Amino acid sequence: IPMKITDIDGLEEIRAQAIHLDGRVSGWVSLSDEDSCLSDWNTGTYTSIEIQGDFPNIDNHVKRMVFLDTPGPNNSTNMLHGELTHKILSENGFTFLMFVLNTTQFGVEDERRLLRMVADKLKIDGDHSSIVFLVNKIDALDLERDECPKTHVGRVKSYLVEMGFKTPIVIPVMGKLSLELRVCLAAHKAQIALPFSSRVQCRIAHEIDYVLAFKETYGMALKYVPSAGIDFSPSSLHQNTAANIRIGDRDFTLEEIIEAEIITGIPALERCLQASLAS
Amino acid sequence: DEFVVAVVAPMSSGKTTILNAMLGKALL
């Protein structure tokens with residue numbers, strides 16, 4: 001079901017409430033890592049969920065940022081999802097649109113159908129400037145077998161232009177790795193143990209090594225993102241970037257983790273959203 | 001005043017993970 005997620009600067013908890021079919025509201029419940037009611041609400045008799053929390057890298061001093069998360073439409077599972085997305089798009093209840101594409105399923109029919117829906121909507125509005133396309137799972141490309149992020153982004157751009165989008169902004173991202181790195185950084189800051197098993201930590205460590213080994217190659221794909229301003233000198237962000245974080249059986253400096261985090265593209269997305277909000 | 005961002009994606013695109021990454025926690 002659709003989720004409305006509101007960024008409230010400085011809010012320490014993340015809280016949620018569900019709106020029932022008959023209009024009843026559940027009341028705010030604090031979400032925790034151990035116990036989340038969201039999956040119950042998603043399968044129950046509710047029409048929407050509201051969430052409030054602080055997106056730490058988005059500043060609301062001009063306007064408050066709100067994400068309207070639509071259920072992923074997929075013909076084979078639930079036709080209603082497509083109708084809901086269509087309804088949200090046609091009701092004009094948004095100022096900006098973030099479209100997530102999947103590197104591993106590029107060009108599939110479900111994606112094409114949804115892109116067509118968005119392209120038709122923008123054709124009516126005539127405004128192509130307030131949309132960003134994320135190419136998620138860009139780290140699924142095998143760089144050692146000459147699969148190139150920049151080439152893939154170029155291919156996605158051409159595809160989008162063919163679909164009717166004028167000069168699309170495309171950001172290659174690694175959502176999963178970004179989340180894991182941010183959880184590691186938060187654990188380091190709070191001086192608590194990493195909330196991952198040793199097997200998962202070893203996998204994360206391996207992925208960090210991989211993205212750092214190819215940081216220039218990934219950086220090339222991010223270079224043309226407007227207002228991303230990618231640089232690999234994160235030392236100004238933290239006082240002691242030489243500090244070590246142990247992930248699995250590897251020691252990384254804080255600087256290496258922040259470098260890897262920049263390569264995930266999520267900071268570029270945040271800057272892009274922030275710039276759009278400020279304009 | 002709200003700046004509303006509609007998030008649109010086909011299934012399995014990882015959009016919830018991206019929102020979680022921006023929140024810094026796997027809560028959604």
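What you see is a predicted model, and the numbers here were worked out from it, not measured in a lab. First the proteins, then the strands, lettered A, B, ... as listed; each starts at 1.
Proximity of a side-chain donor or acceptor of B/S13 to a complementary backbone N or O of A/L101 within less than 3.5 Å is not detected. With hydrogens and angles ignored, the 3.5 Å screen pairs no side-chain donor or acceptor of A/D69 with any backbone N or O of B/T16.
Rounded to the nearest 0.5 angstrom, A/I51 CD1 and B/L27 CG are separated by 9.0 Å. Atom CG of residue A/N57 and atom CE of residue B/M22 lie 10.0 Å apart, to the nearest 0.5 angstrom. Note that CZ of A/F99 and NZ of B/K15 are 11.0 Å apart. Values are rounded to the nearest 0.5 Å. With rounding to the nearest 0.5 Å, the separation of CE in A/M98 from CG in B/L19 is 5.0 Å.
For B/V7 against A/F67, the heavy-atom pair with the smallest separation is CG2-CD2, 4.0 Å. The shortest non-hydrogen separation linking B/L28 to A/M3 is CB-CE, 4.5 Å. Shown here for A/Q105 and B/M11, the closest heavy-atom pair between the two residues is OE1-O, 4.3 Å. Nearest heavy-atom pair across A/L179 and B/A21 is N-CB, 3.8 Å. For the pair A/K137 and B/S12, the tightest heavy-atom approach, listed with the atom from each and the gap, is NZ-O, 2.9 Å. Minimum heavy-atom separation, B/E2 to A/K4: OE2-NZ, 3.8 Å.
Looking at A/L177, there are no atoms closer than 4.5 Å to chain B (heavy atoms on both sides), in backbone or side chain. The contact between A/E270 and chain B is made entirely by side chain atoms (from C-beta outward), counting heavy-atom distances below 4.5 Å. Proximity to chain B (any heavy atom under 4.5 Å) is restricted, for A/L134, to the side chain, taken from C-beta onward. Of the two parts of A/L277, the backbone and the side chain both hold a non-hydrogen atom closer than 4.5 Å to a non-hydrogen atom of chain B. There is no contact between A/L115 and chain B, counting heavy-atom distances below 4.5 Å.
Ranked by heavy-atom pairs shorter than 4.5 Å toward chain A, the options B/I18, B/T17, B/N20 are led by B/I18. Counting heavy-atom pairs closer than 4.5 Å to chain B, the top-ranked of the candidates A/L181, A/L97, A/V62, A/L68 is A/L68. Among A/P195, A/A16, A/A186, A/P56, the residue with the largest count of heavy-atom pairs under 4.5 Å with chain B is A/P56.
Contacts classified as salt bridge (Lys or Arg N to Asp or Glu O under 4.0 Å) and involving residues 169-180 of chain A (residues at least two apart or in different chains) are given here: A/K176-A/E180, A/E180-A/R203.
Exactly one of A/N102, A/L114, A/V108, A/V100 qualifies for a side chain to side chain contact (heavy atoms under 4.5 Å, CB included) with B/P10. That residue is A/L114.
With sequence neighbours excluded, the residues that form a side-chain contact (heavy atoms from CB on, under 4.5 Å) with A/D7 are A/D9, A/D54, A/F55, A/I58, A/N60, A/M65.
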